[in-house]
Structure formats: C-alpha cells, structure tokens
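Side chains are part of it too, since the values below use all heavy atoms of this structure and drop only hydrogens, waters and symmetry mates.
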Amino acid sequence: MTRPSLGLEVHQNKFLAEGGRTMTAIVRVVSRGGAAAARTAAEVLMIDCSSSMRFPSTKIGEARRAASAAIDVLPDGVRFAVIQGTEHAKVIYPAEDGLVAASERTRAEARAAVERLAAVGGTAMGAWLTKARDLFDHEPDAVRHAILLTDGRNDSQTRAALMTVLSSCEGRFVCDARGIGDGWEPAELTQIGRVLRGNVDSVVDDDQLTEDFRRLVESAMTKVLPEVRLRVGTMPFSRLRSIKQVFPDEYVLTDRCREVAVRELELSLGSFASDETRDYQLILDLDPGLEPSHGQDRQLAWTELVPVPGASAEEGALPIAGRWTHDPIPPTLVHPMVSKYAAQADLGEALTAGGDAYAAGDQAGAERYWGRAVALATAAGDDETLGRLSGVVEIVDAEKGTVRLRPDATRSHALHVVIPSRVSEIALPQEDRPMPGAPPLACAHCPALSPAGANFCVGCGEPFGEAVP
C-alpha cells in the first residue's frame with residue numbers, strides 16, 4: 001500500500017522595485033497517494049435543535065433527512081456519533097457516551113434516533129463543539145471530521161466563550177459548518193470554519209441540505225492525513241505580515257500561527273485527502289533600513305512542512321527570495337497566481353460590501369457593489385459566484401456590472417452571496433518537483449542550520465556567498 005506524500009511549492013515574482021519593502025508569495029501544499037481505508041476515520045454530526053428550527057416545519061424535517069443521508073454514506077468501521085444541539089449538547093446516538101463503529105445495524109439505529117429529533121431549546125454552539133472534542137479524544141489516531149448545522153445565532157453563549165472553545169478544539173478535528181434559513185450569523189460560522197479549518201456555506205432551499213451533507217461526509221472519508229502543519233521562518237530583517245488560505249476556502253490565518261522558535265511560526269492546515277491541493281498567500285514586510293541587493297537574490301523567508309508520521313515529504317525547506325531592480329516592475333512580471341488571488345480578494349470585498357449595504361437597506365449601494373462583483377466574476381469566469389449573485393440581482397450587463405436588485409431576494413439569498421468561505425475555481429495545475437538531496441547549511445557565525453540553497457543564515461542573517469537558486 002503506497003504511503004501518502006506531501007509536496008511544497010513557492011510561487012512568487014522575486015523582483016522588487018527600488019524601495020520595495022513588501023513581498024507576496026503563494027505557498028502551495030500538495031498531497032498525493034495513500035489510501036483512506038488505511039486510516040481510521042471518525043465523524044460527529046451536530047444538529048441544531050433549538051426552537052427556531054420549528055419554523056418553517058420543513059427545516060427540522062430536512063435536517064433529519066440530511067443527518068440520515070450522512071449516516072448512510074459512512075463506510076463500515078468509521079466511528080461516529082450524533083449530537084442534538086440546544087443550549088446543551090446531548091449525544092442521541094450511541095446511547096453510551098462515545099463513538100460507535102458504523103455497520104448496517106448501527107446506521108439503522110442512528111437513523112431511528114435522528115427521526116426522534118425535536119426542536120426545543122436555545123443555541124450554544126460552544127457546548128456542541130466541546131462535546132464533539134471530548135468524543136474525538138477517544139480516537140486520537142483517526143482522521144476526525146465534524147459537521148455543524150444551525151439556523152440561528154449563538155444566543156446562549158458569549159462570543160468570547162465560543163472563541164475559547166474553538167481554540168481548545170483547534171488542530172484536534174476539522175469542522176464544516178452550514179447555515180440554514182435566514183437567522184444565522186455569518187461571523188460565527190466563519191470563525192468556526194476558520195479556526196477548525198473547515199468549509200462554511202449556507203443552504204438557501206431546505207431540500208438542498210440532504211445532498212450537501214452526503215457530499216461533505218463522502219469528502220471527509222477521502223482524508224488520509226489527520227493533520228498537516230506548515231512552518232514559516234523569517235530573517236532578522238523581515239516579518240510575516242499575514243498568511244491567508246486562498247484555495248479552496250478563503251480564511252485569514254495570521255492569528256492562528258504559533259511561535260515555535262525565534263522567527264519561526266507554525267500553522268495547522270487541518271486534514272488532507274489522498275490527492276488535494278491548497279494555496280496560502282504569505283505577505284512579508286521588510287525592514288525599511290534594509291540595504292537592497294542588486295544583481296543577486298536575497299532570502300527573505302523560508303517555509304517547510306513539518307514531518308507527518310506515515311507520510312513522505314517531496315520537498316525540504318524552500319526559500320522565499322527577493323531581488324531589487326532599478327527598473328519599474330512591469331505588470332507582465334507579476335506572477336499569475338499572485339494576480340489571480342489579488343483579483344479574488346477584490347471580488348470578496350465587493351461581495352461583502354454589497355451584503356453590508358443590503359443589510360442597511362441601501363438598495364443603490366447594494367446594486368453598485370454587487371454590480372462590481374458581477375463584472376469581476378464575469379472577467380474571471382467565476383460561474384459559482386455568478387450563480388449565487390443571480391439570487392439577489394438581475395444582471396442587465398455583466399461586463400459593465402449593471403444590475404438590478406431582485407424584488408424577491410431574501411436575507412437567505414444575501415447570506416449565500418456574502419459567506420466568505422466560497423469555494424474557489426482558480427487553482428492552477430500542480431507542479432511535480434524532485435526530492436532535494438542537499439543537506440541544510442551550517443553557519444560559520446552562529447549555530448543555526450539554514451535550508452539548502454539559502455543565501456542568508458536564518459539565525460543571524462550573515463550571507464553564505466551563494467545566490468538562492
């Protein structure tokens with residue numbers, strides 16, 4: 001059976017204009033090979049059963065059907081549980097407090113338990129997540145995945161308490177979150193997805209929920225690595241301004257980095273499937289007093305994957321380099337991945353601004369911002385976003401961004417547009433790179449070891465005398 005392998009790529013335009021003190025790079029993490037069946041999996045479903053799930057009556061009914069559909073696609077042997085979420089968290093299946101292996105019998109028992117779900121009570125998502133965390137603690141070696149469904153706000157718990165719980169769950173399981181109806185709070189679900197590295201989205205029509213749950217579980221069952229971690233090191237003259245996941249979901253993760261050594265940060269990326277690609281945008285700020293290096297590359301930072309048990313690494317540490325030039329940087333030299341994700345950020349801002357205007361009752365503002373979003377999405381060929389926008393606006397001229405607000409648009413449609421964890425369709429093809437054979441470089445001035453190919457020591461900044469390749 002083949003072991004999964006992990007690859008790392010750095011995409012950037014290394015040239016800096018005279019006086020340039022900012023470098024943007026895209027770091028791509030790729031997993032290949034391996035078999036999901038070789039790894040134990042664990043799944044927890046958290047179903048909102050607060051009183052608001054009664055209205056309309058189809059809501060709780062579709063939630064039951066969706067949970068049953070998710071249970072149906074669990075392969076034999078997967079450990080699972082179902083939580084009824086109110087102001088408390090109650091495990092409705094299995095009867096004992098723990099996870100049970102999926103089988104024909106246990107799936108049937110779980111479906112029967114789900115059919116008895118009733119909507120009564122408040123909403124405390126932190127309690128649900130705490131219960132899921134405790135259940136997953138019984139399966140430390142498994143690929144751990146959860147789904148959280150809610151139709152309302154976290155009204156039985158403070159936001160600070162929810163963030164405390166999320167921090168305690170980070171790195172211990174991945175959670176996808178779904179909002180149904182029009183009463184849920186995007187910021188709360190986005191925080192859950194961001195901290196727990198899951199996908200966040202909304203369901204406009206209740207009958208779409210079943211297929212969505214089925215797809216989420218099927219996707220989770222392809223995971224082969226419970227957790228992958230990325231390490232970023234900076235130089236004495238550089239610092240990491242921000243790190244953002246830009247594909248497949250968009251999250252700012254700067255505050256989720258953990259300092260593990262001097263000028264070294266580590267970030268949990270969550271679980272990975274046997275063939276999966278994710279892109280991260282790193283922005284570096286350079287010391288204003290840094291002397292530009294003309295004619296040769298200077299290492300500005302480096303990045304590497306932390307070794308994962310049971311997986312092989314295709315790459316060692318890779319440098320992020322810079323070279324100053326006296327000439328202006330022509331637009332044609334901007335790396336295509338950097339420019340695509342910059343355009344994606346512009347689109348996200350237009351979608352959010354339109355949603356804010358809509359919520360404030362500013363029809364003209366909503367049309368203006370969502371019109372810009374239509375133009376940007378049209379230029380990018382982003383059919384996914386155009387489809388979402390069609391629920392809130394009638395498109396008069398796509399290229400010019402001329403739109404009219406739909407009279408039948410609802411808050412549910414608007415939430416479906418602005419939820420920031422949109423799936424991106426702009427990933428570029430993977431690059432196959434050979435495994436490097438060069439050892440790390442030892443510095444003559446300090447005890448630090450630097451990645452092979454480094455131009456400057458990661459410890460003291462002294463040059464090695466060779467350009468970064």
Side-chain angles (χ1 to χ4, degrees), residues 1-6 29-47 63 65-83 91 93-94 98-111 113-114 129 132-133 135-149 169 171-178 192-193 196-201 203 208-228 248-249 268-278 308-311 421 423:
M1 187 174 294
T2 60
R3 298 174 69 198
S5 64
L6 286 168
V29 180
V30 181
S31 65
R32 302 181 180 92
R39 175 70 68 173
T40 304
E43 183 77 29
V44 173
L45 304 178
M46 293 170 274
I47 308 300
R65 277 186 281 277
S68 293
I71 292 165
D72 279 340
V73 296
L74 291 171
D76 286 351
V78 172
R79 311 281 294 177
F80 78 102
V82 182
I83 292 173
V91 179
Y93 190 83
L99 302 177
V100 66
S103 66
E104 185 175 351
R105 176 183 62 81
T106 59
R107 284 190 292 267
E109 291 174 349
R111 289 194 301 269
V114 164
L129 292 162
R133 180 199 67 200
L135 291 171
F136 282 130
D137 281 349
H138 297 294
E139 310 291 336
D141 298 324
V143 176
R144 301 172 295 275
H145 176 260
I147 300 176
L148 182 149
L149 172 70
C169 296
R172 296 165 78 169
F173 63 96
V174 170
C175 182
D176 295 326
R178 289 295 182 266
I192 291 171
L196 302 185
R197 311 301 191 267
N199 174 264
V200 178
D201 211 338
V203 177
Q208 297 173 344
L209 190 61
T210 295
E211 182 55 35
D212 190 42
F213 264 44
R214 183 183 292 115
R215 180 185 57 79
L216 289 174
V217 172
E218 288 175 339
S219 175
M221 294 303 106
T222 67
K223 306 297 182 183
V224 296
L225 297 172
E227 185 185 26
V228 175
D249 302 303
S268 173
L269 308 183
S271 57
F272 268 69
S274 56
D275 290 286
E276 185 169 356
T277 298
R278 296 185 200 170
V308 177
S421 180
V423 176

> What's the shortest heavy-atom distance between Val217 and Ala70, and which atoms?
Replying inline: CG2-CB, 3.6 Å
> Does NZ or CZ of Arg278 lie under 6.0 Å from the centre of the six-membered ring of Phe272, at an angle within 45° of the ring axis?
Replying inline: yes
>> Between Thr222 (side chain only) and Ser219 (backbone N and O only), is there a donor and an acceptor less than 3.5 Å apart?
In response: yes
>> Under 4.0 Å between a side-chain nitrogen and a carboxylate oxygen: does that hold for Arg214 and Glu218?
In response: no
> For Val82 and Ile71, what are the C-alpha separation, side-chain angles and deciding distance, and is it a side-chain contact (heavy atoms from CB on, under 4.5 Å)?
Replying inline: CA-CA 9 Å; Val82 182; Ile71 292 165; 4.0 Å; yes
>> For a quick test of reading the model, state the closest non-hydrogen atom pair linking Ala177 to Ile192 and the distance between them.
In response: CB-CG2, 4.3 Å
> Asp176 side chain to Asn199 main-chain N or O, any donor-acceptor pair under 3.5 Å?
Replying inline: yes
> Checking side-chain contact (heavy atoms from CB on, under 4.5 Å) for the pair Leu148/Leu129: CA distance, chi angles, key distance, verdict?
Replying inline: CA-CA 9 Å; Leu148 182 149; Leu129 292 162; 4.1 Å; yes
> Do the side chains of Tyr93 and Thr106 get nearer than 4.5 Å, heavy atoms only?
Replying inline: yes
> Do Arg178 and Leu216 come close enough that some side-chain heavy atom pair is under 4.5 Å?
Replying inline: yes
>> Just verifying a value: how many Å separate Ser274 OG and Arg32 CZ, rounded to the nearest 0.5 Å?
In response: 12.0 Å
> Does the pair Asp201 and Asp212 meet the rule for a side-chain contact (heavy atoms from CB on, under 4.5 Å), with working shown?
Replying inline: CA-CA 10 Å; Asp201 211 338; Asp212 190 42; 5.8 Å; no
> Under 3.5 Å, side chain of Arg79 to main-chain N/O of Leu99, donor-acceptor pair present?
Replying inline: yes
> Can you name the one residue among His145, Arg197, Arg144 that meets side chain to side chain contact (heavy atoms under 4.5 Å, CB included) with Phe173?
Replying inline: Arg144
>> If you define the side chain from C-beta out and look only at heavy atoms, does anything of Leu225 sit under 4.5 Å from Leu6?
In response: yes
> Between Leu74 and Arg107, which heavy-atom pair has the shortest distance, and what is it?
Replying inline: O-NH1, 2.9 Å
> Yes or no on salt bridge (charged side-chain N to carboxylate O under 4.0 Å, His left out) for Asp72 and Arg111, after CA distance, side-chain angles and deciding distance?
Replying inline: CA-CA 8 Å; Asp72 279 340; Arg111 289 194 301 269; 2.6 Å; yes
> Looking at CG of Leu135 and CE of Met46, how far apart are the two atoms once the value is rounded to the nearest 0.5 Å?
Replying inline: 9.5 Å
>> Restricting to non-hydrogen atoms, name the atom on Ser31 and the atom on Ala273 that form the minimum distance, rounded to 0.1 Å.
In response: OG-O, 2.5 Å
> Quick one: does Arg172's side chain get under 4.5 Å of Phe136's, heavy atoms only?
Replying inline: no
> If you look at every heavy atom in Val44 and Ile83, which pair is closest and at what distance?
Replying inline: CG1-CD1, 3.7 Å
> Looking only at heavy atoms, which two atoms of Gly270 and Val174 are closest? And how far apart?
Replying inline: CA-CG2, 4.1 Å
> Is there a side-chain contact between Val114 and Ile47 (heavy atoms, below 4.5 Å)?
Replying inline: no
